[in-house]
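The block underneath contains the structure these notes are about, expressed in structure tokens.
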Amino acid sequence: MLKENLQDVEERVACACARAGRSRDEVLLIAVSKTKPVEMIEEIYREGVRDFGENHPQEIRDKFPRLPDDVQWHMIGHLQTNKIKYIIERACMVHSVDSFRLAEEISKAAVRRNRIMPILIEVNMAGEASKYGIAPEDTESLIRQIAPLPGVHVEGLMTIAPYTDNPEDNRSVFRKMKKLNVDIRAKNIDNTDMSHLSMGMTGDYEVAIEEGATMIRVGTGIFGARSYT
Ligand SMILES: *Cc1c(COP(=O)(O)O)cnc(C)c1O
């Protein structure tokens, strides 16, 4: 069943890339495995997926030793500074940096372990009060502040678009994200590369791809609905 789900997602991704005149390898599919058991992750791994997303640091810590070394773990959820220790040697990227303080703490932890953590800046593009993320107009100055930190490397932007039944509703959000990324990239801020746009989830990843996503984060579409009981 998971295999069929994945095939369906892959087909839609390929079609969206084709519609947008983009090559399939410009878009990384991250399978969001939060709350899902290791056995299900292994099933998707066997189909060739290597990138998995989690939103709780403890889940990365716990699942990490139980899966092959070539799994790339993406930290996509809100990260508290006291939980950085769980992911600093295990995650390949933190998608959810929205403050200087968090970036500074990640940088310190990374330097202590002799690594540089790739990060994305989370933008609250739709201005939803319930969401984490920095306001679009403050994003460039936050990046300028974070860029000199030795233990992190800013590689682009991430957003969680509003929940909606109609993915077209989010097209303008994705378009504004693309523009913000292009505008900031054009400033050529030292020690940043702004090559990634992490946007699009089960309900809207096709529109996100059409609008320039380089990473999509798909949970329900691959693993089925989550139960939090
Ligand atoms: C849960 C989650 C996703 C995946 O959501 P689905 O709608 O299940 O695809 C993507 N991004 C973030 C940050 C998440 O927390």
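FYI, side chains are in, hydrogens and waters are out, and symmetry mates aren't considered; it's all heavy atoms of this structure. The shown structure was predicted, so the numbers you read here are calculated from the model rather than taken from an experiment. Just so you know, ligand 1 is whichever comes first in the structure, and atom 1 is the first atom listed for that ligand.
Among K34, H74, M201, the residue whose heavy atom lies nearest to atom 15 (O) of ligand 1 is K34. For atom 6 (P) of ligand 1, the choice among T202, T159, N55 with the nearest heavy atom turns out to be T202. Residue R217 holds the heavy atom nearest to atom 10 (C) of ligand 1 of all those in R217, M75, M158.
Here I121 contributes atom CD1 and H95 contributes atom NE2; the two are 12.0 Å apart, rounded to the nearest 0.5 Å. From Y86, atom OH reaches atom CD1 of I60 across 12.5 Å, with rounding to the nearest 0.5 Å.
The closest approach between any non-hydrogen atom of H95 and ligand 1 is not below 4.0 Å.
Residues F100 and L149 form a side-chain contact, since some pair of their non-hydrogen atoms from C-beta on lies under 4.5 Å apart. Counting heavy atoms from C-beta on, the side chains of E206 and R19 come closer than 4.5 Å.
Just one residue in the list N124, V97, L157, T139 forms a side-chain contact (heavy atoms from CB on, under 4.5 Å) with I134, and that residue is T139.
Residue-ligand proximity, T220 to ligand 1, at heavy-atom distances under 4.0 Å covers atoms 6 (P), 7 (O), 8 (O), 9 (O). Counting atoms of ligand 1 from 1 in the listed order, those under 4.0 Å from a heavy atom of V218 are 9 (O).
Annotation: I160 places no N or O atom under 3.5 Å from an N or O atom of ligand 1; distance criterion only.
Looking at atom 12 (C) of ligand 1, its nearest protein heavy atom turns out to be I76 CD1, 3.5 Å.
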Worked verdict on T164 versus N166 for side-chain hydrogen bond (donor to acceptor under 3.5 Å, both in side chains)
CA-CA 5 Å; T164 167; N166 180 6; 5.8 Å; no
